[in-house]
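Worksheet: the structure to be examined is printed underneath.
Along the sequence shown, residues carry numbers from 1. The figures here come from the full heavy-atom set of this structure, side chains too, leaving out hydrogens, waters and symmetry mates.
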Amino acid sequence: MLGEFGILALPTMLDYPARVGVGPNLAASPVNLAGHPAMSVPVGLDESGLPIGFQILAPALGEQVMFRVAAEVERLARFEARPAMVGALA
């Protein structure tokens, strides 16, 4: 599936998050069904403060590579913002 590439970077979401009670619009669903390890990595916030990220897809049994790539992306992105939690307890 990955051919000559060791990993793939793909969008985590195809659109803005759905409203509460509406099904998710995740790009991750087909990846999960394929049996390949994948993880979403936050890299920033959009203009309205929502988190932006992408998923790293590795070959079967490629978790070690996936975690190394994710750690490097996090280091390079220097993303440390934390969006406010909706309905957070005071």
Side-chain angles (χ1 to χ4, degrees):
M1 178 175 164
L2 299 179
E4 65 184 271
F5 305 102
I7 58 108
L8 291 177
L10 304 164
T12 300
M13 299 286 290
L14 299 175
D15 203 351
Y16 284 99
R19 293 174 123 347
V20 174
V22 177
N25 185 10
L26 297 175
S29 298
V31 172
N32 294 338
L33 295 173
H36 291 273
M39 68 186 311
S40 181
V41 180
V43 294
L45 300 174
D46 72 4
E47 62 278 353
S48 57
L50 294 172
I52 298 172
F54 60 90
Q55 61 181 322
I56 297 170
L57 171 66
L61 304 175
E63 288 86 353
Q64 185 176 14
V65 171
M66 178 187 68
F67 282 111
R68 282 199 324 256
V69 170
E72 187 65 9
V73 167
E74 287 182 338
R75 185 184 72 78
L76 292 171
R78 298 177 189 248
F79 176 66
E80 296 187 18
R82 300 289 183 259
M85 298 299 292
V86 176
L89 299 174

**Prompt:** What are the two closest non-hydrogen atoms of Gly62 and Pro37, and how far apart are they?
**Reply:** N-CG, 4.0 Å
**Asked** When you look at CG of Leu61, are more than 12 heavy atoms from neighbouring residues, nucleotides or ligands closer to it than 6.0 Å?
**Response** no
**Request:** List the atom of Phe54, the atom of Val73, and the distance in Å for their closest heavy-atom pair.
**Result:** CZ-CG1, 3.7 Å
**Request:** Could you pull out all residues at least two apart from Glu63 that satisfy side chain to side chain donor-acceptor pair (under 3.5 Å)?
**Result:** none
**Item:** Ile7 and Met66, any side-chain heavy atoms less than 4.5 Å apart
**Value:** no
**Request:** Check for a donor-acceptor pair, side chain of Gln55 on one end and backbone N or O of Pro11 on the other, with a separation under 3.5 Å.
**Result:** yes
